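We count residues from 1, following the sequence as given. Note that this is a predicted model, so its numbers are computed, not measured.
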Amino acid sequence: MLSKIKQTSVPVAALFLALCLVVGVGLGNRNALARAVAEAKVNDAKLPELSEKLTLLAAERVTHAGYLLRLCQRDLPNDPVTKSLEAAIEGLHVAKNPSQIAKADQELTYALAQVDAPLRALGNESVRDLLVKETDMLNGFGKQLYWAGADYNRALAYVKDVHGRLPLKWFLGNMPEVYR
């Protein structure tokens, strides 16, 4: 075995050494990035927990917007605002990552603003009371979602800082997406 190693040409040995170096640095970079993701936190909440919080708050917004959608389907079945609210709810329901959640939540906020006037115009006191109650709930969850997104982005800034200092960052693939 030792005689075979001694017979190896210098370019082959250098190539093997370079390959080992690149693989070793690449694995070290991957491990450093994984550790940064695990350690990134804001207010004792780590990045994966913050991502999960975004998903849960989005689900709450979907639930409460669904109550208003039922009102619209009952009282405004052919109104275009009903269809836009339904599309916005579905968009937030299927959103998977933070940037998709942020975009879908903006669309839902716009759709909810469009639904308000037609429902109030019905003049029904019980509809108006439910509209106020659900709008307050949706606004509360919307603010929580905004602040959770800000916390997520602060934790992600740490990960991006670590990623930016790694020598083989292009080798590591995509970074988690920003909530915007």
Side-chain angles (χ1 to χ4, degrees), residues 32-76 79-122 126-166 169 172-180:
L33 188 60
R35 184 173 180 176
V37 167
E39 290 177 351
K41 62 182 178 178
V42 172
N43 299 331
D44 293 329
K46 294 187 178 184
L47 192 62
E49 295 166 3
L50 292 168
S51 181
E52 181 66 23
K53 185 176 183 180
L54 290 173
T55 303
L56 293 173
L57 288 169
E60 287 292 334
R61 294 245 314 157
V62 165
T63 299
H64 288 278
Y67 300 148
L68 291 180
L69 178 62
R70 281 189 225 126
L71 279 177
C72 288
Q73 288 171 336
R74 184 188 74 199
D75 297 332
L76 306 166
D79 199 313
V81 297
T82 302
K83 296 203 184 331
S84 69
L85 179 59
E86 188 173 7
I89 290 170
E90 182 61 26
L92 187 55
H93 180 70
V94 299
K96 298 293 182 211
N97 61 44
S99 65
Q100 290 174 349
I101 290 172
K103 182 179 181 208
D105 188 57
Q106 288 173 353
E107 291 171 6
L108 178 62
T109 301
Y110 178 76
L112 289 168
Q114 300 301 312
V115 163
D116 190 71
L119 284 176
R120 285 185 191 273
L122 294 173
S126 65
V127 168
R128 211 171 316 147
D129 290 344
L130 187 58
L131 176 64
V132 168
K133 177 185 166 213
E134 291 305 323
T135 301
D136 288 346
M137 292 292 287
L138 285 161
N139 288 338
F141 284 120
K143 288 176 185 174
Q144 289 179 34
L145 189 60
Y146 172 80
W147 289 113
D151 288 346
Y152 175 86
N153 286 344
R154 279 197 302 272
L156 188 61
Y158 170 74
V159 175
K160 287 191 174 214
D161 180 51
V162 170
H163 183 266
R165 289 185 275 143
L166 296 174
K169 57 185 160 239
L172 296 173
N174 296 334
M175 286 286 300
E177 293 190 23
V178 174
Y179 179 86
R180 21 176 160 178

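Note on residues 131-143: no pairs pass salt bridge (Lys or Arg N to Asp or Glu O under 4.0 Å), not counting sequence neighbours. Listed by first and then second residue, the side chain to side chain donor-acceptor pair (under 3.5 Å) pairs involving residues 83-96 amount to none (not counting sequence neighbours). Residue pairs meeting the ring pair (Phe, Tyr, Trp, His ring centres under 6.0 Å) criterion with at least one member in residues 47-74, sequence neighbours excluded: His64-Tyr67, His64-Phe141.
Take Gln114 and apply the side chain to side chain contact (heavy atoms under 4.5 Å, CB included) test, not counting sequence neighbours, and it matches Val81, Tyr110. Under the side-chain hydrogen bond (donor to acceptor under 3.5 Å, both in side chains) criterion, Thr109 pairs with Arg61, not counting sequence neighbours. Scanning for side-chain hydrogen bond (donor to acceptor under 3.5 Å, both in side chains) contacts around Asn139 gives an empty result, with sequence neighbours left out.
Atom CG of Asp105 is separated from atom CG of Leu57 by 9.5 Å, given to the nearest 0.5 angstrom. Atom OG of Ser51 sits about 6.5 Å away from atom CD1 of Ile101, to the nearest 0.5 Å. The distance from atom CG of Leu68 to atom CG of Leu112, rounded to the nearest 0.5 Å, is 6.5 Å. Taken from OG in Ser126 to CZ in Arg128, the straight-line distance is 9.5 Å, to the nearest 0.5 Å. Atom CG of Asp116 sits about 5.5 Å away from atom OG1 of Thr135, to the nearest 0.5 Å.
Between Cys72 and Thr82, the shortest heavy-atom distance links the atoms CB-OG1, 3.4 Å. Shown here for Ala111 and Leu85, the closest heavy-atom pair between the two residues is CB-CA, 3.8 Å. Residue Leu50 comes nearest to Ala155 through the heavy atom pair CD1-CB, 3.9 Å, listed as atom of the first residue, atom of the second, then distance. For the residue pair Leu54 and Leu145, the shortest heavy atom distance occurs at O-CD1, 3.5 Å.
When side chains are defined from C-beta on, Glu52 counts as touching Leu56, because their heavy atoms get closer than 4.5 Å.
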